[in-house]
2 protein chains.
Amino acid sequence: MGAQRRKQEENAAGQGTDPGENGRSATIRDVAVRAGVSAATVSRVLADNYPVAPKTRQRVLRAVQELNFVVNTHARALAGVRTETVAFVLHDVRGPSFTEAAYGVEREANRRGRLCLICSTEGDQERELAFVKLMREQRASAVILIGGVRDDEQYRARYTEIAHSLHAAGSRLVLCGRPPLGPDVPATVVEYDNEGGAYAITTHLLANGHRRILYLGGALTHTTSQARLAGYHRALDDFGVEPDPSLIEHGEFTRNSGYERTRARLAKSGARPFTAIFAETDMVAAGALTALDEGGVAVPGEISLVGYDDIELAGDLRPRLTTVHVPYEEMGRTAVRLALDLKEGRSRAADQHVVLGTHVVVRQSVGRRRPG
Amino acid sequence: MGAQRRKQEENAAGQGTDPGENGRSATIRDVAVRAGVSAATVSRVLADNYPVAPKTRQRVLRAVQELNFVVNTHARALAGVRTETVAFVLHDVRGPSFTEAAYGVEREANRRGRLCLICSTEGDQERELAFVKLMREQRASAVILIGGVRDDEQYRARYTEIAHSLHAAGSRLVLCGRPPLGPDVPATVVEYDNEGGAYAITTHLLANGHRRILYLGGALTHTTSQARLAGYHRALDDFGVEPDPSLIEHGEFTRNSGYERTRARLAKSGARPFTAIFAETDMVAAGALTALDEGGVAVPGEISLVGYDDIELAGDLRPRLTTVHVPYEEMGRTAVRLALDLKEGRSRAADQHVVLGTHVVVRQSVGRRRPG
DNA sequence: TTGAAAGCGCTAACAC
DNA sequence: GTGTTAGCGCTTTCAA
């Protein structure tokens with residue numbers, strides 16, 4: 001698929017003579033010829049970084065207009081001029097929490113004169129890799145990945161390699177909410193206190209007298225889920241409550257999963273073996289709430305409910321959802337800040353691992369319960 | 001800022017000798033030297049499109065590993081190999097409706113083997129232009145813009161030019177939910193029946209006996225708002241109801257704007273001059289509902305409420321929000337489909353304008369009212 | 001099976 | 001002020 005052959009094919013397939021539609025687009029050379037000057041002069045006019053006679057400039061600009069000339073970034077980049085970009089990769093653009101982080105990335109990147117490119121992978125690792133590859137090849141300033149993963153040998157090996165290859169390309173890998181890869185891997189990590197948040201909110205439930213708390217979790221292998229579940233267990237332990245495995249469920253981080261799982265539980269037995277529900281994300285909590293609502297169960301009267309993430313939706317639910325606030329936007333901003341500061345020599349490699357705090361936001365979905 | 005000078009500066013600023021950190025990254029030439037072959041051979045190994053002796057291949061791959069070599073897309077693109085991408089531009093990644101469209105774009109682009117790049121502009125036209133420029137220069141297959149605009153001469157002139165320059169660069173401009181630019185402009189337009197949806201839902205309110213409907217709109221100059229307001233007026237007209245200008249409000253498309261405006265109205269007078277609220281987006285409706293809730297106003301008992309967009313949130317509100325469904329995801333998919341089909345010669349220019357339908361989704365936020 | 005060489009489109013020293 | 005020229009890093013003929 002060489003340049004030449006490709007262009008010929010395009011021409012052969014062409015339907016019209018409209019320049020640009022099929023024929024090759026105008027180059028700086030074409031403009032030069034039309035304006036009766038050299039390519040260098042055109043380049044100067046375009047870059048506007050060098051004195052050019054007004055009349056010449058006029059002619060060049062006219063030619064540019066007439067030919068509908070568009071510079072080729074690739075050629076320009078090759079010649080040394082960079083358009084700095086920051087890339088952000090998430091699973092799903094529709095997910096409310098990660099887009100909050102995307103927003104933070106975007107703002108900070110912009111504040112520092114970079115363009116921000118976002119890519120959604122639908123959780124497909126191949127796609128993630130393809131995008132990282134593209135960004136690496138385009139020499140993006142930083143590539144920021146967000147979203148829990150399955151933390152195994154394969155993960156570490158794979159991302160360690162990615163970190164190195166990005167580094168070799170003059171870019172930087174940033175992991176948001178993912179486990180660090182090791183001390184010698186050139187990657188920036190921005191985590192948040194996942195376990196601590198889960199601990200705190202479980203404690204909140206326990207302090208309100210709840211002892212049997214249904215846990216609506218994500219996939220068992222998912223690092224985010226593991227950390228949250230760990231916090232839940234630690235809190236139980238601190239209160240001397242024996243954990244009941246039958247109260248732990250694993251599923252997806254979707255509204256629907258929360259809905260279905262809650263419905264199934266509600267249908268199961270007359271005497272409910274739990275007085276509160278800890279949904280691992282607000283989305284799951286929203287689904288659970290709908291199921292509770294449909295089942296005629298009062299919240300927090302009969303059952304208390306808490307979520308995690310503190311997305312905007314939490315305040316729209318009725319009752320308003322008590323949840324754990326995660327500083328997603330700040331994570332995004334921090335990710336960009338750390339990576340760029342490092343590149344600009346304003347930060348040291350040792351400071352490339354940050355853990356942001358989380359905290360409980362008490363709203364209306366938790367009620368007091370006399371334990372026993 | 002030439003390549004040479006830049007590199008020297010980078011070296012000067014360097015802290016370590018780690019290759020890649022500051023020094024220039026390895027090129028195909030470096031790999032060739034290390035492997036004791038020519039650059040052409042390395043290229044062949046990498047592209048894997050040509051027979052190469054197994055042993056040579058081994059040596060090359062090893063050298064690639066050792067040097068952490070990463071091809072330079074720019075050079076590659078310049079030499080004729082394209083990574084096809086589709087670009088999507090929206091105002092805010094956090095906005096629920098447009099990200100639905102982004103999802104559609106992403107899926108369809110992916111189905112057709114393209115990578116999808118998303119850019120959020122925070123409503124900044126300059127940023128939008130910068131991104132479009134970048135994508136044009138990178139020769140993206142299509143550049144898709146979504147979000148209402150101020151429809152004036154400047155808009156038309158500006159985007160007509162963009163359409164032409166994208167076309168000249170072999171790309172294609174797609175406008176989602178924005179007014180067409182004219183018959184001779186090379187742009188694809190995917191609209192939805194904005195006015196029709198507003199008409200239908202207003203009719204729904206009117207049919208339920210509501211005559212005084214508070215309208216919580218967006219900016220007056222915004223095309224989306226204009227169309228929705230037009231639908232509202234047409235419905236009133238069809239029912240022989242005199243529109244009351246004091247019931248029309250303009251503001252922003254945010255939760256908070258809906259909240260504040262509703263609160264102000266509620267505070268204003270004891271005798272409320274309206275029995276229903278038409279919020280121009282579900283987001284605004286969510287805010288209005290909170291205000292109503294706080295004011296102790298029963299919905300739909302005392303006041304009915306409808307929104308527009310049918311985002312997921314609509315089903316989470318209590319009462320569940322009656323609203324207008326807009327096929328955002330389909331818009332995204334359609335945008336990609338039309339643009340790529342055209343490029344592939346599987347569609348004609350005449351079919352590059354599509355209007356998708358909208359419809360009312362009846363849930364629980366509208367009550368009957370005895371008119372008078 | 002491999003290498004040499006030309007060229008993709010642009011930029012920036014260096015001459016004039 | 002403007003043109004000439006030498007690359008940037010890669011791919012792909014063409015020749016060996």
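Quick note: numbers below take in every heavy atom, side chains included, and nothing from hydrogens, waters or symmetry partners. All values reported here derive from a predicted model rather than from experimental measurement. Lettering of chains follows the sequences in order, A, B, ..., and the numbering in each one begins at 1.
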**Message:** Cation-pi check for A:Phe69 against A:Arg34: NZ or CZ below 6.0 Å from the six-membered ring centre and within 45 degrees of the axis, yes or no?
**Reply:** no
**Message:** Do B:Arg178 and B:Tyr159 form a cation-pi contact, if we require the NZ or CZ to be under 6.0 Å from the six-membered ring centre and within 45 degrees of the ring's axis?
**Reply:** yes
Rounded to the nearest angstrom, tell me the gap between atom [atom1] in [X] and atom [atom2] in [N].
X       : N      : atom1 : atom2 : value
A:Leu46 : C:dC10 : CG    : C1'   : 10 Å
B:Leu78 : D:dT11 : CG    : P     : 11 Å
A:Ile28 : C:dG7  : CD1   : C1'   : 16 Å
B:His74 : C:dG7  : NE2   : P     : 24 Å
B:Asp30 : D:dG9  : CG    : C1'   : 10 Å
A:Asn72 : C:dC8  : CG    : C1'   : 8 Å
B:Tyr50 : D:dT12 : OH    : C1'   : 9 Å
B:Leu67 : D:dG9  : CG    : C1'   : 15 Å

**Message:** Just to be sure I understand the rule, does B:Val42 reach a base, reach only the sugar-phosphate, or reach nothing, if contact means heavy atoms closer than 4.0 Å?
**Reply:** nothing
Could you work out which one of [options] sits closest to the side chain of [X]?
X       : options               : result
B:Ala79 : C:dT1, C:dC14, D:dG9  : D:dG9
B:Ala40 : C:dG3, C:dT11, C:dA12 : C:dG3
A:Ser38 : C:dA4, D:dG3, D:dT12  : D:dG3
B:Val52 : C:dT2, C:dT11, D:dT12 : C:dT2
B:Val37 : C:dT11, D:dT11, C:dG3 : C:dG3
A:Arg44 : D:dG9, C:dA13, C:dC10 : C:dA13

Should [X] be listed as having a side-chain N or O under 4.0 Å from OP1 or OP2 of [N]?
X       : N      : value
B:Thr41 : C:dT1  : no
B:Asn49 : D:dT11 : no
A:Arg76 : C:dT11 : yes

**Complete:** By nearest-heavy-atom nucleotide on DNA chain D, the more 5' of A:Arg57 and B:Ala75 is A:Arg57
**Request:** Spell out, as yes or no, whether a donor-acceptor pair under 3.5 Å connects the side chain of A:Arg333 to the backbone of A:Gly104.
**Result:** no
**Fill in**
By nearest-nucleotide position on DNA chain C, the 5'-leaning member of B:Pro51 and B:Arg139 is B:Pro51
**Asked** Would a 4.5 Å heavy-atom cut-off, applied to side chains only, mark A:His167 and B:Asn68 as touching?
**Response** no
**Request:** Identify the residue among B:Leu175, B:Val189, B:Val190 that makes a side chain to side chain contact (heavy atoms under 4.5 Å, CB included) with B:His353.
**Result:** B:Val189
